[in-house]
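Note sheet for the following structure.
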Number of protein chains: 2
Amino acid sequence: MDYGLFFTYLAACGAAAATGAFFSPGDWYKTIRKPDWTPPDWLFPVAWTTLYLCMSLAAMRIAQSGDVRAPQALGFWAVQITLNALWSPVFFGLRRMRAALVVVSLLWVAVALTLVAFFRIDWIAGLLFVPYIAWVSTATALNAAVLRRNPEMA
Amino acid sequence: MDYGLFFTYLAACGAAAATGAFFSPGDWYKTIRKPDWTPPDWLFPVAWTTLYLCMSLAAMRIAQSGDVRAPQALGFWAVQITLNALWSPVFFGLRRMRAALVVVSLLWVAVALTLVAFFRIDWIAGLLFVPYIAWVSTATALNAAVLRRNPEMA
């Protein structure tokens, strides 16, 4: 563990997590039509806490690796955390589901690029991104499903 | 120039810039009380475009440097770009000026840490951050001044 590196990358996650706190679901989210397979509300903060810890650990391992490709991989990491911060304000703040679907799709691409770049350098760092791509895949499908069921909120 | 690195870091800036496009000043900003020294409206997009290009160039140079301290410096860069993305939604979206002042103050700290870490590795990369810290200092002072003049919007 390199705590300086870990907490630096975790701080970026904290800023992204703050958008989720500032722009939380609230009553509006309760009232919109959602698919049967929508994860229960309690799972979201649990999942995100786990994922932020995993992605900070993964970034720390890449940063420690000394690999010449690390700065490119950490660049992808910076793209995904910024897009991560963008989604909540667009979905819960502006309630623009179509724009939010574009954001979460771009996030999926950025997470996939990061995952592949991390795997090439350190397989443990790559593995730490597997739950994240799974969750963002679910989030993308959920955003699309919610958009289809609430076309008036596109 | 390493275009792969440059455009990766510029993509993160694009995601941060998108929050400024999604949460733009609008009529509300026109009506709030502002200090005499508030920069003219046209200057903001000009300044941010310049700053995003400078900070992407700086990150590219650090990523290319091969310096062992680069992953830590790029971690600070990731923190500042995520906080950068957070400010517009909090100020223009939620209109929570006090929370936005906390965000912009944290952004100032993250930009200062990045600037110092960059200077230690490559003085040109450090210089490319000087306009940014100057602008964020102004933005912090402006946020504080606007909060003082519009206490009902704290």
Side-chain angles (χ1 to χ4, degrees), chain A residues 2 4-23 55-56 59-90 92-94 96 99-100 102-103 106-107 109-110 113-114 117, chain B residues 2 4-23 55-56 59-90 92-94 96 99-100 102-103 106-107 109-110 113-114 117:
Chain A
D2 181 324
L5 285 169
F6 176 70
F7 284 112
T8 301
Y9 284 92
L10 191 64
C13 292
T19 66
F22 278 123
F23 296 90
M55 71 180 93
S56 301
M60 180 202 76
R61 290 185 63 93
I62 297 299
Q64 284 178 301
S65 69
D67 193 290
V68 69
R69 296 163 295 180
Q72 174 65 66
L74 295 170
F76 291 138
W77 195 95
V79 177
Q80 66 79 21
I81 199 66
T82 317
L83 287 167
N84 187 302
L86 180 55
W87 186 84
S88 289
V90 174
F92 293 119
L94 300 177
R96 288 176 59 178
V102 173
V103 172
L106 291 172
L107 174 61
V109 173
L113 287 169
T114 312
Chain B
D2 181 324
L5 285 170
F6 176 70
F7 284 111
T8 301
Y9 284 92
L10 191 64
C13 292
T19 64
F22 278 122
F23 297 90
M55 71 179 91
S56 301
M60 181 201 76
R61 290 185 63 92
I62 296 300
Q64 286 179 300
S65 69
D67 194 289
V68 68
R69 295 162 297 179
Q72 174 66 65
L74 295 170
F76 290 139
W77 195 95
V79 176
Q80 67 80 19
I81 200 65
T82 317
L83 287 165
N84 186 303
L86 181 55
W87 186 84
S88 289
V90 174
F92 293 120
L94 299 177
R96 288 176 59 178
V102 173
V103 172
L106 291 171
L107 173 61
V109 173
L113 288 169
T114 313

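Predicted model, so just to flag it, every value in this text is computed and none were measured. Quick note on labels: first sequence line is chain A, next is B, and so on, each numbered from 1.
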(Q) Among A:V68, A:V90, A:L113, which residue has the highest count of heavy-atom pairs closer than 4.5 Å to chain B? (A)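 Winner by heavy-atom pair count: A:V90.
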
Q. Looking at A:A15, A:G4, A:G93, which one has more heavy-atom pairs under 4.5 Å with chain B than the rest?
A.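 Winner by heavy-atom pair count: A:A15.
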
[X] and [Y]: which non-hydrogen atoms are nearest, and at how many Å?
{"X": "A:P71", "Y": "B:Y9", "value": "O-OH, 2.8 Å"}
{"X": "A:T82", "Y": "B:A16", "value": "CG2-N, 3.6 Å"}
{"X": "A:A12", "Y": "B:V79", "value": "N-CG2, 3.7 Å"}

Q: With sequence neighbours left out, write down each residue that passes side chain to side chain contact (heavy atoms under 4.5 Å, CB included) with B:A117, or none if nothing qualifies.
A: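 Expected list: B:A73, B:F76.
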
Q) Do A:P89 and B:F23 have side chains that get closer than 4.5 Å, going by heavy atoms? A)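 In short, these two side chains touch, coming nearer than 4.5 Å.
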
Q. Which bit of B:A85 is near chain A, if near means a heavy-atom gap under 4.5 Å: side chain, backbone, both or neither?
A.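 Only the side chain of B:A85 comes within 4.5 Å of chain A.
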
Q | side-chain hydrogen bond (donor to acceptor under 3.5 Å, both in side chains) against B:T8, all qualifying residues, sequence neighbours excluded | A |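 Listed in chain order: A:Q72.
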
Q) Atom CG of B:L83 and atom OG1 of A:T19: how far apart are they, to the nearest 0.5 Å? A)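 With rounding to 0.5 Å, CG (B:L83) is 11.0 Å from OG1 (A:T19).
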
